[in-house]
Amino acid sequence: MLQTIAVIGSGTMGNGIAHLFAQSGYNVHLIDISAAQLEKALLTIGKNLDRQIAKGIITDEQKKNALSRIRTFQDIEQGAASAALAIEAATENTDLKLSLFARLDKAAPPKCILAS
């Protein structure tokens, strides 16, 4: 079973992906070059989990567990080093995506699945 999921990009798509994997029991490494964006992503995930609590979908304990499974990184090599799956969710810029995949290919373990 996959243990650690690396999510590259912490915008709307990236934080949503991180949220769902963490809530499903996976360890998530959320990677972004911006510390402020990572902080914003964690706040957004927390608010989204709060909405799920208000609707009776999850408990406060489940929220706490999900948030505890998310670690943030500003360095792609560090964040992807132990990933079994790396999901690129960066801005829609082809050159940037190609550059990220080249870095991921070197940084992630040989059997890591790279996805976009």
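Atoms considered below: every heavy atom in the structure, side chains included; atoms not considered: hydrogens, waters and symmetry mates.
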If you look only at distance, which donor and acceptor atoms sit under 3.5 Å apart when one is on a side chain in residues 100-113 and the other is two or more places apart or in another chain?
from, atom 1, to, atom 2, distance (Å)
R103, NE, E77, OE2, 3.1
R103, NH2, E77, OE1, 2.9
R103, NH2, E77, OE2, 3.4

Heavy atoms only: give me the nearest [X]-[Y] pair and the separation to one decimal.
| X | Y | value |
| --- | --- | --- |
| A6 | I31 | CB-CD1, 4.0 Å |
| A115 | L85 | CB-CD1, 4.3 Å |
| Q3 | A84 | N-CB, 4.4 Å |
| L30 | A41 | CD2-CB, 3.9 Å |

Exercise for the section: Look at atom NZ of K40 and say whether more than 12 heavy atoms of other residues, nucleotides or ligands are closer to it than 6.0 Å. Expected result: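 Atom NZ in K40 is not crowded, with 12 or fewer foreign heavy atoms closer than 6.0 Å.
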Measuring from [X]:[atom1] to [Y]:[atom2], what's the distance to the nearest 0.5 Å?
| X | Y | atom1 | atom2 | value |
| --- | --- | --- | --- | --- |
| I70 | I45 | CD1 | CD1 | 4.0 Å |
| Q23 | L67 | CD | CG | 10.0 Å |
| E92 | S116 | CD | OG | 7.0 Å |
| D60 | N65 | CG | CG | 10.0 Å |
| T59 | I53 | OG1 | CD1 | 7.0 Å |
| N93 | S99 | CG | OG | 9.5 Å |

Cluster link [X] to [Y], ILVMFWY, side chain under 4.5 Å:
| X | Y | value |
| --- | --- | --- |
| L42 | V7 | yes |
| I58 | I17 | yes |
| I87 | I8 | no |

Problem - Student check: side-chain heavy atoms of H19 and L49 closer than 4.5 Å - result: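 SC-SC contact between H19 and L49 confirmed.
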Handout entry: 4.5 Å side-chain heavy-atom contact, N27 and R69
Key =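 In contact.
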Problem - Donor-acceptor under 3.5 Å (D32 side chain, Q37 main chain) - result: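 It does not hold such a pair.
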Handout entry: Any donor-acceptor pair under 3.5 Å from Q74 side chain to I33 backbone
Key =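 A pair under 3.5 Å: yes.
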Exercise for the section: Under the side-chain contact (heavy atoms from CB on, under 4.5 Å) rule, what do R51 and N48 come out as? Steps first, then yes or no, please. Expected result: CA-CA 5 Å; R51 278 201 295 275; N48 290 338; 2.3 Å; yes
Practice task
Kindly write out the residues that satisfy salt bridge (charged side-chain N to carboxylate O under 4.0 Å, His left out) with D50, not counting sequence neighbours, or none if the list is empty.
Solution key: K63
Problem - Where at least one partner belongs to residues 28-49, residue pairs that pass ring-ring contact (aromatic ring centres under 6.0 Å, His included), sequence neighbours excluded - result: H29-F73
